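Have a look at the structure below before the remarks.
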2 protein chains.
Amino acid sequence: MCGGGQNKHQCGCQGPRMERFIRPCMLLLLYEKPAHGYELMESLKEFGFEDGADPGLVYRNLRKMEKEGWVESEWETGGAGPAKRLYRVTEEGIELIHEWSQHIRGNIEKLSYFLERYHNSIG
Amino acid sequence: MCGGGQNKHQCGCQGPRMERFIRPCMLLLLYEKPAHGYELMESLKEFGFEDGADPGLVYRNLRKMEKEGWVESEWETGGAGPAKRLYRVTEEGIELIHEWSQHIRGNIEKLSYFLERYHNSIG
DNA sequence: GCATATATATGACAACAACATATATAATAA
DNA sequence: TTATTATATATGTTGTTGTCATATATATGC
C-alpha cells in the first residue's frame with residue numbers, strides 16, 4: 001500500500017503497508033470474473049494499487065492461493081498472444097472472502113480509532 | 001493485527017496484518033505521555049493489539065525509531081523495579097504522526113472501497 | 001526485421017512479525 | 001529464607017512477504 005517500491009509516498013514513514021490486502025482483492029476480482037494474472041495486475045489499480053501491482057507479487061500469490069485451494073486454474077491456449085492461465089475462485093475461496101471482509105471491517109475500526117485519538121490529542 | 005501469533009483469529013486467512021501499524025500507535029502514545037517499553041506493551045491494547053504487543057516487536061521498534069530520530073530516551077534509575085528507559089517523541093516524530101495519519105486515512109478509504117465492492121458483488 | 005505489448009515465472013534481497021529465550025531487579029507469598 | 005511472580009529490557013532465529021530485477025515466450029504493429 002505504501003512503503004516504497006511501486007507504491008511510493010513522500011514521507012519516510014514506511015507504513016502501515018497492509019501487505020496481504022492484495023489477496024482478498026484478488027479473490028474478489030476472481031469472484032466477479034475469472035481472469036488471468038496479467039489482467040489482475042491491471043484491475044488491482046481499482047483497489048488502490050496505484051501503478052498496478054507487482055507481477056512477482058501477483059503471480060506468486062496466485063500460485064500460493066492455488067496451492068491452498070482458494071483458486072483453481074486452467075491453461076487457455078489458442079487466443080491472441082501467449083498462453084494464459086485462467087484463474088477462478090473456489091468454494092473455499094469464496095468462504096474466505098466472507099471471513100476476510102469481517103477482518104477488514106475490524107481493521108477499519110482500528111484505524112478509525114487511531115484517527116479519532118489522533119484528532120483528540122494533536123490534530 | 002491478525003495472522004496468527006498473539007493476535008490470533010479463527011479463519012485461516014492470515015491477513016491483512018497491517019504490520020507497521022504499531023509504529024504510529026507507539027508514537028501517538030508517546031506524544032500523549034512519555035513512557036517506557038513495558039508500559040507501551042500494555043497501552044497498545046487500546047489500539048487493538050489484543051493480548052498486549054509482543055515485547056520483541058515493541059523494544060526493537062523503539063530502538064529503530066530512536067535510530068531514525070523519531071523518539072529519544074533517557075535511563076530512569078532509582079524507581080521501583082529494574083531501570084527503565086523513558087522514551088519521548090521528538091519534533092521529527094510528531095511530524096511523522098501527522099503524515100502517518102494521512103496515510104491511515106487513505107488506507108481506511110481503500111479498505112472501505114473493498115467492503116463496498118464486496119457488498120455489491122457478494123455480501 | 002525490430003520494437004512493443006502481452007503473459008508467466010523465478011532469483012535475490014531486505015523488512016518485519018512471530019516466537020523463544022536470556023538477563024536482571026524488586027515485591028510478595030510460602 | 002526461599003521460591004515465585006511482576007517488572008523491565010534485550011536478542012537470536014525463523015518464516016513470510018514486498019520489492020526489484022531478470023528471464024522467457026508469443027503475437028502485433030511499424
Side-chain angles (χ1 to χ4, degrees), chain A residues 1-9 12-23 25-26 35-44 48-68 71 73-87, chain B residues 1-9 12-23 25-26 35-44 48-68 71 73-87:
Chain A
M1 220 46 129
C2 54
Q6 291 203 331
N7 300 302
K8 290 192 208 311
H9 56 84
C13 71
Q14 290 187 299
R17 292 189 308 178
M18 301 192 300
E19 275 87 353
R20 300 186 222 171
F21 184 50
I22 200 174
R23 296 224 265 259
C25 293
M26 287 169 74
H36 50 275
Y38 199 81
E39 220 176 327
L40 289 179
M41 282 170 53
E42 266 298 302
S43 37
L44 277 166
F49 296 85
E50 286 166 42
D51 306 321
D54 180 82
L57 196 52
V58 169
Y59 289 111
R60 255 193 279 256
N61 269 299
L62 283 172
R63 289 289 189 122
K64 180 152 195 187
M65 292 198 293
E66 183 161 35
K67 202 175 155 196
E68 300 285 340
V71 300
S73 70
E74 49 183 324
W75 279 104
E76 231 190 14
T77 52
K84 36 191 111 168
R85 200 196 277 265
L86 189 74
Y87 285 90
Chain B
M1 217 47 127
C2 56
Q6 292 204 329
N7 299 303
K8 288 191 209 313
H9 56 85
C13 71
Q14 290 187 299
R17 293 188 309 181
M18 300 193 300
E19 275 87 354
R20 300 184 222 172
F21 183 52
I22 199 173
R23 296 225 265 257
C25 293
M26 287 169 74
H36 51 276
Y38 200 80
E39 222 175 326
L40 289 179
M41 281 170 55
E42 266 298 303
S43 36
L44 277 166
F49 295 83
E50 287 166 40
D51 305 323
D54 180 82
L57 197 50
V58 169
Y59 288 111
R60 254 191 279 254
N61 270 296
L62 283 172
R63 290 289 190 121
K64 178 150 195 191
M65 293 198 294
E66 183 161 35
K67 203 175 156 197
E68 300 286 339
V71 300
S73 70
E74 49 184 324
W75 280 104
E76 232 190 14
T77 51
K84 36 191 112 170
R85 200 195 278 266
L86 188 75
Y87 285 89

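In what follows, chains carry the letters A, B, and so on, assigned in the order in which the sequence lines appear, proteins first and then strands, with residues in each chain numbered from 1. Since the model is a prediction, treat every value here as computed from it, not as a measurement.
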One should read off an interatomic distance between A/E39 CD and A/L44 CG, to the nearest 0.5 angstrom, of 11.0 Å
Output for pair (B/R23 CZ, B/L57 CG), nearest 0.5 Å, gives 9.0 Å
Handout entry: Residue-phosphate contact under 4.0 Å: B/K64 side-chain N/O, C/dA15 OP1/OP2
Key = no
Rounded to the nearest 0.5 angstrom, the CE-CE distance for B/M26 and B/M41 is 10.5 Å
So CE of B/M65 and CD1 of B/I22: to nearest 0.5 Å the spacing works out to 8.0 Å
Side chain to side chain contact (heavy atoms under 4.5 Å, CB included) filter on A/E42, not counting sequence neighbours, yields A/K45
Atom CD1 of A/I22 and atom P of D/dT16 are separated, to the nearest Å, by 18 Å
Separation of D/dT17 atom C1' from A/L62 atom CG, nearest Å, is 15 Å
*asked:* Is the phosphate of D/dT16 approached by A/R20 (side-chain N or O, under 4.0 Å from OP1 or OP2)?
replied: no
Once base and sugar-phosphate atoms are separated, protein heavy atoms under 4.0 Å mark nucleotides 7-13 of chain C, 5' to 3', with B, S and - as BBBBBB-
For a quick test of your reading: what N or O donor-acceptor pairs under 3.5 Å do the side chains of residues 79-87 of chain B make, sequence neighbours left out?
| unit_1 | atom_1 | unit_2 | atom_2 | d |
| --- | --- | --- | --- | --- |
| B/R85 | NH1 | B/S73 | OG | 3.3 |

